[in-house]
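One structure is given below, encoded as structure tokens.
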Protein chains: 2
Amino acid sequence: MKYIEKLRNSGLRPTKQRLQICEVLFNTEKTFHFTINELNQKIKRQINNKISLATIYNTVHAFEKKGYLKQIPINSNQTYFDTNVSHHHHFYDLKDEKLIDLENSDVGPINILKKINGKKIKSVEVLVKLED
Amino acid sequence: MKYIEKLRNSGLRPTKQRLQICEVLFNTEKTFHFTINELNQKIKRQINNKISLATIYNTVHAFEKKGYLKQIPINSNQTYFDTNVSHHHHFYDLKDEKLIDLENSDVGPINILKKINGKKIKSVEVLVKLED
DNA sequence: TTCGTAGTTTATAATGATTCTAAATAGGTG
DNA sequence: CACCTATTTAGAATCATTATAAACTACGAA
Ligand SMILES: [Mn+2]
Ligand SMILES: [Mn+2]
Ligand SMILES: [Zn+2]
Ligand SMILES: [Zn+2]
């Protein structure tokens, strides 16, 4: 398995559950956005054996901490995650409640002129809300 | 009261509770960011009579719908609102969990090159995460 | 290979922000 | 005032997320 080493290198034991979650999250052509609930459904569809919801939460948070997933800052009753961890932005379609990637190159360079004493910029994320 | 007309013009009855919430939200020198819980505390401090939490939720949502408040897109377990309804952006201090305004002029012009068929841009918001 | 231990999974309970409900109250109009 | 509807309210319900603690597992050491 190609994910065993990835997990080991991160100090995460390559358990059966984590490897299966890796398959669902990373063994795809395209990256995608998901909520925990959506991921749970997807896992049920793609995998024979059941994974506890607690494990899905644990694993997603572990992967996020290791930088394999990103949380998307958006106001929703559920937290959205992204398997695209490159620096990029998002459209949010207010009607369909769907996220669409906005590549870094689709947004001109962003220049933050204000500085905060003793703080460094960790990330700059743009959210473009769409209506009909 | 200066808020009676504002409410009437919005089709909202100027009730005692709404007027008191207006005082707390809008009768200040500076704009500010808040969660419902923080607003509830602030109201308790500044007002003699108690306002039900349900009314605070109702009123904040009504004001947001009328454009007197904005929701700030951020990942938190609580929803953040802003009394600054001008087009502006935010720093988010990850350590202190505090929001800081970034005026529009503090961010260069943002050019969204990608277009989505049949959708219009409603807003463009930048979130700059800060670390030490 | 077996052991020991820490890491992990799991079902289930707890938490907590938000929304819902339905009864009481209050604003506005004639 | 009299009526109607909007609003307020306490409390219950919802539901995403986190905590708990017991069972299980990966894996290095013996
Ligand atoms: Mn939220
Ligand atoms: Mn959230
Ligand atoms: Zn994305
Ligand atoms: Zn602001």
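Both backbone and side-chain heavy atoms feed into the values below; hydrogens, waters and symmetry mates do not.
Summarising the geometry, the separation between CG on B:Asn49 and P on D:dT7 is reported as 18 Å, rounded to the nearest angstrom.
Contact between the side-chain N/O atoms of B:Arg18 and the OP1/OP2 oxygens of D:dT7 is found at a separation under 4.0 Å. For D:dT17, the OP1/OP2 oxygens have no side-chain nitrogen or oxygen of A:His61 closer than 4.0 Å. One finds a side-chain N or O of B:Gln17 lying less than 4.0 angstrom from the OP1 or OP2 phosphate oxygen of D:dT9. For the OP1/OP2 pair of D:dT9 and a distance below 4.0 Å, the side-chain nitrogens and oxygens of B:Thr55 include at least one atom meeting the criterion. Phosphate contact (OP1/OP2 of C:dA17, side-chain N/O of B:Thr79, threshold under 4.0 Å): absent. Contact annotation: A:Arg8 side-chain N/O to D:dC27 OP1/OP2 distance is under 4.0 Å.
Both B:Lys16 and B:Tyr57 lie close to DNA chain C; mapped to their nearest nucleotides by heavy-atom distance, the more 5′-ward contact belongs to B:Tyr57. Between B:Asn37 and B:Leu12, the residue anchored closer to the 5' end of DNA chain C is B:Asn37, taking for each the nucleotide with the nearest heavy atom.
With respect to B:Asp101, the side-chain hydrogen bond (donor to acceptor under 3.5 Å, both in side chains) criterion is satisfied by exactly one of B:Lys30, B:His88, B:His89: B:His88.
For residues 90-100 of chain B, proximity to DNA chain D is found at no residue, defined as any non-hydrogen atom under 4.0 angstrom from a strand atom.
Here the closest heavy-atom approach between residue B:Leu25 and residue B:Phe32 is recorded as O-CE2, 3.4 Å.
Relative to the six-membered ring of B:Phe91, B:Lys98 misses at least one condition, a distance below 6.0 Å or an angle of at most 45° to the axis. B:Lys70 forms no cation-pi arrangement with B:Phe81, by the criterion of a distance under 6.0 Å to the ring centre and an angle within 45° of the ring axis.
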Can you give me the N/O atom pairs linking the protein to nucleotides 20-23 of chain C at distances under 3.5 Å, or say none if there are none?
none

